[in-house]
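The block underneath contains the structure these notes are about, expressed in structure tokens.
Every chain is numbered from 1, with letters handed out A, B, ... down the list of sequences.
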There are 2 protein chains.
Amino acid sequence: MAKKEGSFHHGDLEWALLEAASQLLEKEGPSGVGLRAAARLAGVSHNAPYRHFRNRESILAALAARGLDELGDRMAKAARGHEDARRALVAIAETYVSLAAERPHLFRLMFGQEVADKERYPAVREAGLRAYQVLVDTILEGQRSGAIRPGSPEELALGHWAIVHGVASLHVDGRMLEERARERGGAPGLARLVSEQIRLGLEPRRI
Amino acid sequence: MAKKEGSFHHGDLEWALLEAASQLLEKEGPSGVGLRAAARLAGVSHNAPYRHFRNRESILAALAARGLDELGDRMAKAARGHEDARRALVAIAETYVSLAAERPHLFRLMFGQEVADKERYPAVREAGLRAYQVLVDTILEGQRSGAIRPGSPEELALGHWAIVHGVASLHVDGRMLEERARERGGAPGLARLVSEQIRLGLEPRRI
DNA sequence: ACCTGAACACCGTTCAAGT
DNA sequence: ACCTGAACACCGTTCAAGT
């Protein structure tokens with residue numbers, strides 16, 4: 001689109017293909033991401049992508065890695081500039097849920113099974129570990145300052161991530177609950193319900 | 001396979017196609033579910049399915065409705081025979097998470113976005129409402145016996161479902177966390193971590 | 001009603017070839 | 001290295017036709 005069609009050099013095509021695939025993902029979902037469709041959007045022959053991606057799964061994995069990279073960046077950014085590490089954790093959770101809500105297809109690709117064995121893609125693996133490390137570091141800092149209780153920071157980070165991921169999944173999968181959720185105030189209302197439930201539990205006469 | 005090829009009558013083919021599609025879903029994931037592939041498995045021409053399903057999305061919706069039906073049945077079964085309604089809720093939660101863990105592709109289909117506008121498929125909608133109603137009824141019963149605190153049963157059911165769905169999603173999406181989760185005792189260990197986190201929170205010196 | 005075969009425009013993937 | 005065109009076996013979907 002920028003210059004003559006087909007004039008890609010030093011990795012420009014790979015970038016253009018990923019950009020095209022990203023557009024396809026947001027517009028049509030995972031099933032709309034194809035090597036031929038991406039090539040068409042990028043203005044090259046249907047076969048050019050194979051110079052950069054071994055197969056279809058490999059470009060999906062690249063999108064997932066990109067998404068995890070962005071998640072990690074956002075989490076790191078959200079964690080900065082808080083005196084209280086607990087505040088930082090809340091900010092991290094918010095950015096996590098926001099990304100899931102804004103780009104549900106990407107979120108599904110990052111954590112779903114569209115890419116069968118994600119551990120086989122180093123870029124995906126490393127991007128995931130980087131994001132996870134933001135959590136661990138934040139918890140470590142909180143433990144140093146006394147804001148967070150003692151205990152294995154790995155365990156605390158894992159448990160915290162799990163909870164946040166559960167909440168994010170609710171936003172993305174909320175379609176079945178959506179109808180009622182909307183009556184109760186949409187996603188924020190749902191979040192309030194959940195946290196209230198966790199706080200109060202179901203049993204009566206709490207002290 | 002049972003009789004002569006192509007000898008289907010009074011809805012047998014629809015059932016056979018759903019069975020085939022179900023096998024394809026478990027074996028190859030949502031992208032493996034195709035009308036042609038299902039027709040091949042059922043031993044009919046590639047075009048016969050269009051007598052029973054308008055398009056590919058429609059057979060996916062039928063699978064989702066089937067899954068929600070089974071979920072509802074299992075939930076209703078799990079809810080029976082408990083004196084304490086809170087016990088019944090735990091049993092419901094266990095069966096929900098079990099179904100998600102046993103058939104992750106089906107679970108994704110039921111709550112994901114593979115079928116774009118699920119509200120447009122009455123079978124999906126009704127099956128979802130039926131499953132939801134099991135929760136509401138159980139909570140109502142618990143409120144009558146005094147086992148569950150007062151409050152809107154719809155809100156309590158929604159909040160409870162949301163939490164359980166979040167936990168189930170963790171099992172299904174746990175691949176990114178899996179590596180560490182395994183070290184910490186797999187899915188049960190993860191569940192323990194999460195409930196501990198919810199119970200203790202992150203702050204130090206709780207009274 | 002229910003099934004079939006031919007046809008169309010799409011896929012992913014491989015191969016042989018061009019610069 | 002990077003890109004292309006032809007080819008193959010698959011798709012979803014439509015049409016005209018058979019019983």
Side-chain angles (χ1 to χ4, degrees), chain A residues 1-21 23-25 27-64 105 109 114-117 120-121, chain B residues 1-21 23-25 27-64 109 113-117 120-121:
Chain A
M1 234 182 183
K3 308 179 176 186
K4 300 168 192 170
E5 288 186 0
S7 71
F8 291 104
H9 307 292
H10 42 269
D12 275 345
L13 179 54
E14 180 172 347
W15 183 88
L17 287 169
L18 278 172
E19 210 59 29
Q23 277 179 238
L24 287 167
L25 179 65
K27 210 178 303 172
E28 314 183 35
S31 67
V33 179
L35 291 173
R36 288 177 101 116
R40 210 180 304 123
L41 269 182
V44 294
S45 91
H46 70 265
N47 219 325
Y50 284 88
R51 291 295 127 194
H52 300 277
F53 303 100
R54 214 183 328 170
N55 49 31
R56 180 176 177 270
E57 190 182 72
S58 149
I59 199 173
L60 288 173
L63 284 179
H105 289 304
L109 193 61
E114 203 83 20
V115 179
D117 48 351
R120 277 239 143 194
Y121 294 89
Chain B
M1 237 187 182
K3 308 179 176 185
K4 300 168 194 170
E5 288 184 1
S7 71
F8 290 103
H9 308 291
H10 44 270
D12 276 342
L13 179 54
E14 180 172 346
W15 183 87
L17 287 169
L18 279 173
E19 209 58 30
Q23 276 178 239
L24 287 167
L25 178 65
K27 210 180 300 173
E28 314 182 36
S31 67
V33 179
L35 290 173
R36 288 178 101 115
R40 210 180 304 124
L41 268 182
V44 294
S45 92
H46 70 266
N47 220 325
Y50 283 89
R51 290 295 128 193
H52 300 276
F53 303 99
R54 214 183 328 169
N55 49 30
R56 180 176 176 270
E57 191 183 71
S58 148
I59 198 173
L60 288 173
L63 285 178
L109 194 59
Q113 345 204 330
E114 204 84 22
V115 179
D117 46 352
R120 278 237 142 194
Y121 295 88

Worksheet item: Between A:Phe53 (CZ) and D:dA1 (C1'), how many Å, whole number?
Response: 16 Å

Worksheet entry | For atom CZ of A:Arg56 and atom C1' of C:dC10, their distance in whole Å | 14 Å

Item to complete: Check whether any side-chain heavy atom of B:Tyr50 sits under 4.5 Å from a side-chain heavy atom of B:Asn47, and report yes or no.
Response: yes

Item to complete: Please state how far atom CD in A:Glu28 lies from atom P in D:dC11, giving the value in whole angstrom units.
Response: 20 Å

Fill in: Watson-Crick or G-U wobble mate for C:dT19, both contacts under 3.5 Å
D:dA1

Item to complete: Find the partner of C:dA6: check Watson-Crick (N1-N3 plus N6-O4 or O6-N4) and G-U wobble (N1-O2, O6-N3) distances, both under 3.5 Å, and reply none if neither fits.
Response: D:dT14

Fill in: Protein-nucleotide distance (B:His52, atom NE2; C:dC2, atom P), rounded to Å
6 Å

Worksheet item: Which part of the nucleic acid, if any, lies within contact of A:Arg51, taking any heavy atom under 4.0 Å across all strands shown: a base, the sugar-phosphate backbone alone, or nothing?
Response: base

Practice prompt. Quick one: label B:Arg54 by what it contacts on the DNA or RNA (base, sugar-phosphate, nothing), any heavy atom closer than 4.0 Å.
Written response: nothing

Worksheet item: Counting only side-chain N and O atoms of A:Arg40, is one of them less than 4.0 Å from OP1 or OP2 of C:dC11?
Response: yes

Practice prompt. Could you tell me whether a side-chain N or O of A:Arg54 sits under 3.5 Å from a main-chain N or O of A:Ile59, the two making a donor and an acceptor?
Written response: no

Fill in: N/O (side chain, B:His46) to phosphate O (OP1/OP2, D:dC10) under 4.0 Å
no

Worksheet item: B:Leu35 has an atom CG; how far is it from atom C1' of D:dT14, in whole Å?
Response: 13 Å

Fill in: B:Ala116 backbone acceptor or donor facing B:Glu57 side chain under 3.5 Å
yes

Worksheet entry | Interatomic distance, B:Leu24 CG vs D:dC11 C1' [rounded to whole Å] | 13 Å

Worksheet item: Closer than 4.0 Å, any side-chain N/O of A:Tyr50 to the OP1 or OP2 of C:dT13?
Response: yes

Worksheet item: Between A:His52 and A:Leu13, is any pair of side-chain heavy atoms under 4.5 Å apart?
Response: yes

Fill in: N/O donor-acceptor pair, side chain A:Asn47 with base C:dT14, under 3.5 angstrom
yes

Fill in: Test item: B:Asn55 side-chain N/O and B:Ser58 main-chain N/O as donor-acceptor pair under 3.5 Å
yes

Response to the item:
Sorted by position of nearest nucleotide on DNA chain D, 5' first, the leading residue of A:Ala48 and A:Arg36 is A:Ala48

